[in-house]
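The basis for the numbers below is simple: all heavy atoms, side chains too, and nothing from hydrogens, waters or symmetry mates.
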Amino acid sequence: MTLSIRNQLPGTVTTVVPGEAMATVRIRLDGGQDLTAAITLDAVTELGLAQGIPVRALVKSTEVSLATAPVQNVSIRNQLPGTVTAVATGAAMATVKIAVEGGVLTSAITADAAADLALVVGSPVVALIKSTEVSLATA
């Protein structure tokens, strides 16, 4: 299957914590970072998720926010440090490519935000991704 989602990071499930309707799934990405996904219990069952299962974390580029340093006291669970490798700015939006350990992320942010953060190739950034915006796929 081919997807339009640019961000597809391979990893392995480390824990599954079920709730009443949703579960949090912790993944160790191939680059060594931890990522948390909040998905339905039905999805956990249908995908057969358990410790040790290989998965691919999928995140739309519009759901990747950027900061120029780690953010404290925030509810966003996923903060992946990286380096800007490309910035393409249009009239309203900018696409920013970020090298992270073990992969590449794409973030779609406003052109104003890219300018305010002074993003250029080589800039250190932190990709911020809410756990509810991480989807999982198995092979």
Side-chain angles (χ1 to χ4, degrees):
M1 173 188 314
T2 304
L3 299 173
S4 64
I5 296 175
R6 298 296 85 200
N7 300 312
Q8 301 184 26
L9 301 171
T12 304
V13 173
T14 57
T15 59
V16 177
V17 180
E20 284 188 39
M22 301 283 291
T24 55
V25 180
R26 191 116 171 141
I27 302 126
R28 173 65 45 94
L29 298 176
D30 286 358
Q33 315 91 319
D34 288 323
L35 191 74
T36 299
I39 63 175
T40 66
L41 286 177
D42 287 343
V44 169
T45 301
E46 290 169 13
L47 293 171
L49 297 181
Q51 184 176 3
I53 299 293
V55 294
R56 189 164 292 274
L58 308 170
V59 182
K60 290 177 58 176
S61 60
T62 53
E63 301 304 333
V64 178
S65 297
L66 298 177
T68 55
V71 180
Q72 302 296 316
N73 303 317
V74 65
S75 65
I76 297 173
R77 298 292 85 197
N78 302 306
Q79 297 192 32
L80 302 176
T83 304
V84 173
T85 60
V87 179
T89 304
M93 298 294 293
T95 300
V96 182
K97 294 210 180 281
I98 305 112
V100 298
E101 287 294 324
V104 175
L105 286 173
T106 300
S107 174
I109 59 176
T110 65
D112 288 345
D116 290 348
L117 294 173
L119 298 179
V120 295
V121 172
S123 296
V125 293
V126 177
L128 306 167
I129 307 166
K130 291 178 64 171
S131 61
T132 53
E133 300 304 330
V134 177
S135 296
L136 298 177
T138 55

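Distance check, rounded to the nearest 0.5 Å: CG of Asp34 to OG1 of Thr15 gives 8.5 Å. Taken from CG in Leu80 to CG in Leu105, the straight-line distance is 6.0 Å, to the nearest 0.5 Å. Here OG of Ser131 is found 8.0 Å from CE of Met22. Values are rounded to the nearest 0.5 Å.
Taking Thr14 as the reference, Arg26, Arg28 meet the side chain to side chain contact (heavy atoms under 4.5 Å, CB included) condition, with sequence neighbours excluded. Contacts of Thr110 classified as side chain to side chain contact (heavy atoms under 4.5 Å, CB included), with partners at least two apart in sequence or in another chain: Met93, Asp112, Ala113. Every residue two or more places apart in sequence or in another chain that forms a side chain to side chain donor-acceptor pair (under 3.5 Å) with Lys97 is listed here: Thr106.
Apart from Val104 itself, the hydrophobic cluster it occupies contains nothing, where clustering links Ile, Leu, Val, Met, Phe, Trp and Tyr at side-chain heavy-atom distances under 4.5 Å. Other members of the hydrophobic cluster containing Val71, listed by chain and number, are Val74, Ile76, Val126, Leu128; membership follows side-chain contacts under 4.5 Å among ILVMFWY residues, whether direct or relayed.
Annotation: side chain of Val120 is not in contact with side chain of Val84 (no heavy-atom distance under 4.5 Å). Taking 4.5 Å as the limit, every side-chain heavy atom of Ser123 sits out of range of all side-chain heavy atoms of Thr68. With contacts defined as side-chain heavy-atom distances shorter than 4.5 Å, the pair Val25/Val134 does not qualify. Put simply, the side chain of Val44 reaches to within 4.5 Å of the side chain of Ile39, judged on heavy atoms.
Of all heavy-atom pairs spanning Leu41 and Glu20, the tightest one is CD1-O, 3.3 Å. The shortest non-hydrogen separation linking Ile5 to Gln8 is O-NE2, 2.9 Å.
Pairs passing the side-chain hydrogen bond (donor to acceptor under 3.5 Å, both in side chains) check and including a residue from residues 43-62, sequence neighbours excluded, do not occur.
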